[in-house]
Asks: 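Questions regarding the structure given below will be posed in turn.
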There are 2 protein chains.
Amino acid sequence: MIGEGDREALEAAASRTVKFAARQVVVREGEALSQCTLLLKGFVHRFKDTEDGRRQILAIHIPGDFVDLHSYPLKHLEHSVAATTEVEVAIFPHSAVRELTARSTALTELLWRATLIDAAINREWLVSIGARSAEARLAHLFCELQARLERIGQGDRNGFDLPLTQIDLADATGLTPVHTNRMLRRLRVRGLVEFRERHVFIHDLDELRHVADFDPGYLFLE
Amino acid sequence: MIGEGDREALEAAASRTVKFAARQVVVREGEALSQCTLLLKGFVHRFKDTEDGRRQILAIHIPGDFVDLHSYPLKHLEHSVAATTEVEVAIFPHSAVRELTARSTALTELLWRATLIDAAINREWLVSIGARSAEARLAHLFCELQARLERIGQGDRNGFDLPLTQIDLADATGLTPVHTNRMLRRLRVRGLVEFRERHVFIHDLDELRHVADFDPGYLFLE
DNA sequence: CGGATCGTTGACCTGCGTCAACAGAAGTGG
DNA sequence: CCACTTCTGTTGACGCAGGTCAACGATCCG
């Protein structure tokens, strides 16, 4: 989501790096934050729990993503953040972000832009959950992750590692785990994609994208 | 979403005001933009159409909202924008926004923040559509609009004008118009809320919020 | 006055949820 | 190291929330 050169400049401004164990909750909903988190290694997801015990995953982050950059202008988060896998992150105190943005409007726009791409992904998920079939939702999620991961060199058009459970996929797509399982089977039987042992094997990316009604424009990859 | 004082300062930077007729499409998906739009009067909504003809409404904007401020860092939009009612908007060329942000980092953060509150609303809609029942989704939407409209003096805890059709509500909540109609009836029979003649009559806001699992924190109204 | 658009309702259908069972993998404590 | 739980994935049977189809007023508008 952020270019390599800028990323290194930013990493220099990081105060330190921190590791979290898999499945650890990093930020709890409503918490006030005084720092931002850049994901260096591993996966992180953001989510919200409803009163009746359902969990909605709001975003899945991959290395290079700012996980909670929006906490800088907003001061606190209205959702939780958890480590999906074991992760390593770089910490940016809000004060450091303030100094960076005071010095360069170009960098400010870069950071702003990163949060907006995040929002664009949120909107596409809205379309998926609100208007696409269960099968298409899953296909769309795979397409999105394929495009984003290929960009950072963690996958190609034949597949990528995806350290999620079927329960996670269900929580991300607004489905039940049981139905998720059945739709994965259908996608597999149709020869489009196979999700097995934390890896997505893509057998026909073009057809998968067609089934998913996927257009990568919303990712603003260039 | 933006304070009165800042709003007037911004209005001074607007190049001009423009009116649109109800139901007119203002920006089409994918269009490159060289200006931003501040909504002064009326309602605007943003949406995306899927290949198979379904429409997902992504956001409903009320006076005081920046409708497409994210077009400034992103340069083009990945969704469409339409006037819900007859509207009046103030136009800000991107060049004017650039000058404003170059001059004041505080203002930049204010604008950035506005786009992030927008994103927070997107996320709450994700939770609604992904994890709440049809009835709760509608109740939640009413609660959100109540809170936002009350803040700008266009409603109170007893109700507000809402210039949407049931079809619009359906497109916003990921339901069909028929089911939307039935759930509206249920909410009415339960004595919670009544939507009639483009007006929402709230009969029991506390209970409505409870049914909706509504917590206004995500709106950052303070 | 004719044609859209919208709201409403009934009858029926289906995609997805629920419940339940079980096997395999992966922790966990002794 | 092994028993023991816990977490996953998988499948079947069944139920229901919400979708689909259809009909018909009401309203608006040219």
Side-chain angles (χ1 to χ4, degrees), chain A residues 21-24 45 50 52-57 82-86 128-141 162-190 193-201 211, chain B residues 21-24 45 50 52-57 82-86 128-141 162-190 193-201 211:
Chain A
R23 298 287 147 180
Q24 196 176 339
H45 61 276
T50 61
D52 62 328
R54 298 187 65 145
R55 155 167 309 191
Q56 179 63 47
I57 291 183
T84 312
T85 60
E86 185 175 314
S128 252
I129 297 183
R132 288 196 257 257
S133 70
E135 194 183 8
R137 282 182 224 179
L138 285 165
H140 199 281
L141 182 55
L162 183 64
L164 300 179
T165 65
Q166 291 186 8
I167 297 171
D168 294 330
L169 286 181
D171 288 344
T173 53
L175 301 169
T176 55
V178 173
H179 201 61
T180 300
N181 180 283
R182 286 195 257 256
M183 292 303 103
L184 288 175
R185 184 190 342 153
R186 189 186 290 180
L187 288 169
R188 173 165 25 92
V189 168
R190 290 179 66 175
V193 63
E194 197 170 349
F195 178 49
R196 170 167 54 81
E197 288 157 19
R198 311 286 120 107
H199 189 91
V200 176
F201 301 87
V211 166
Chain B
R23 299 288 146 179
Q24 196 175 339
H45 60 276
T50 61
D52 61 329
R54 298 186 66 144
R55 156 168 307 195
Q56 178 64 45
I57 292 183
T84 312
T85 60
E86 184 174 318
S128 252
I129 297 182
R132 288 195 257 257
S133 70
E135 194 183 9
R137 281 182 225 179
L138 285 165
H140 199 281
L141 182 55
L162 183 64
L164 300 180
T165 65
Q166 291 187 7
I167 297 171
D168 294 330
L169 286 181
D171 287 344
T173 53
L175 301 169
T176 55
V178 174
H179 201 60
T180 299
N181 180 282
R182 286 196 259 255
M183 292 303 103
L184 288 174
R185 184 187 347 150
R186 188 186 291 180
L187 288 168
R188 171 164 26 90
V189 169
R190 289 180 66 174
V193 64
E194 198 170 348
F195 178 48
R196 170 168 53 83
E197 288 156 20
R198 310 288 121 106
H199 189 90
V200 176
F201 300 88
V211 166

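We name chains A, B, ... by the order of the sequence lines, and we start the count at 1 in each one. Side chains are part of it too, since the values below use all heavy atoms of this structure and drop only hydrogens, waters and symmetry mates.
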Asks: Measure the spacing between OG1 of A:Thr165 and CG of A:Asp171 and express it to the nearest 0.5 Å.
Replies: 7.5 Å
Asks: If I take atom CG in residue B:Asp168 and atom C1' in nucleotide C:dG7, what distance separates them, rounded to the nearest angstrom?
Replies: 13 Å
Asks: Quick one: on DNA chain D, does B:Arg132 or A:Leu184 contact a more 5' nucleotide (nearest heavy atom)?
Replies: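 On the 5' side of the pair lies A:Leu184.
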Asks: Rounded to whole angstrom units, what separation is found between the CE atom of B:Met183 and the C1' atom of C:dT8?
Replies: 13 Å
Asks: D:dT10 P sits how many Å from A:Leu169 CG, rounded?
Replies: 11 Å
Asks: Provide, to the nearest angstrom, the distance between the CD atom belonging to B:Gln166 and the P atom belonging to D:dG18.
Replies: 16 Å
Asks: Please report the distance, rounded to the nearest Å, between CZ in A:Arg55 and P in D:dC7.
Replies: 13 Å
Asks: Report yes or no: is the cationic atom of A:Arg188 (NZ for Lys, CZ for Arg) closer than 6.0 Å to the six-membered ring centre of A:Phe195, at no more than 45° off its axis?
Replies: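 No, cation not above the ring by the 6.0 Å, 45° rule.
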Asks: Measure CG/A:Asn181 against P/C:dC19 and give the value in whole Å, please.
Replies: 18 Å
Asks: Which listed nucleotide (D:dG18, C:dC16, D:dT11) is nearest to the side chain of B:Ala134?
Replies: D:dG18
Asks: Could you verify whether a donor N or O on one side chain and an acceptor N or O on the other, from B:Arg132 and B:Ser128, lie under 3.5 Å apart?
Replies: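 Yes - a donor-acceptor pair under 3.5 Å links their side chains.
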Asks: Between C:dG7 and B:Arg198, is there an OP1 or OP2 to side-chain N/O distance shorter than 4.0 Å?
Replies: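 Yes, within the criterion.
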Asks: Take atom CD of A:Glu86 as the centre, draw a 6.0 Å sphere, and report whether it contains more than 12 heavy atoms from other residues, nucleotides or ligands.
Replies: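 12 or below, so no.
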Asks: If you check the A:Thr165 side chain, which of D:dG9, C:dG17, C:dG7 turns out closest?
Replies: D:dG9
Asks: Just how far, in rounded Å, is P of C:dG7 from NE2 of B:His179?
Replies: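 That distance rounds to 17 Å.
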Asks: Heavy atoms from C-beta onward define the side chain here; which of D:dG12, D:dC21, C:dG17 lies closest to that of A:Val178?
Replies: D:dG12
Asks: Which atoms form the tightest heavy-atom contact between A:Ile57 and A:Asp168, and what is the distance?
Replies: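 Nearest pair, atom of A:Ile57 first, then A:Asp168: CD1-O, 3.5 Å.
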Asks: Do B:Arg182 and D:dT20 share a donor-acceptor pair, side chain to base, under 3.5 Å?
Replies: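 Per atom types, the contact qualifies.
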Asks: If I take atom CD in residue B:Glu197 and atom P in nucleotide C:dT8, what distance separates them, rounded to the nearest angstrom?
Replies: 10 Å
Asks: Would you mind telling me which of C:dG7, D:dC21, D:dT8 lies closest to the side-chain atoms of A:Ile167?
Replies: D:dT8
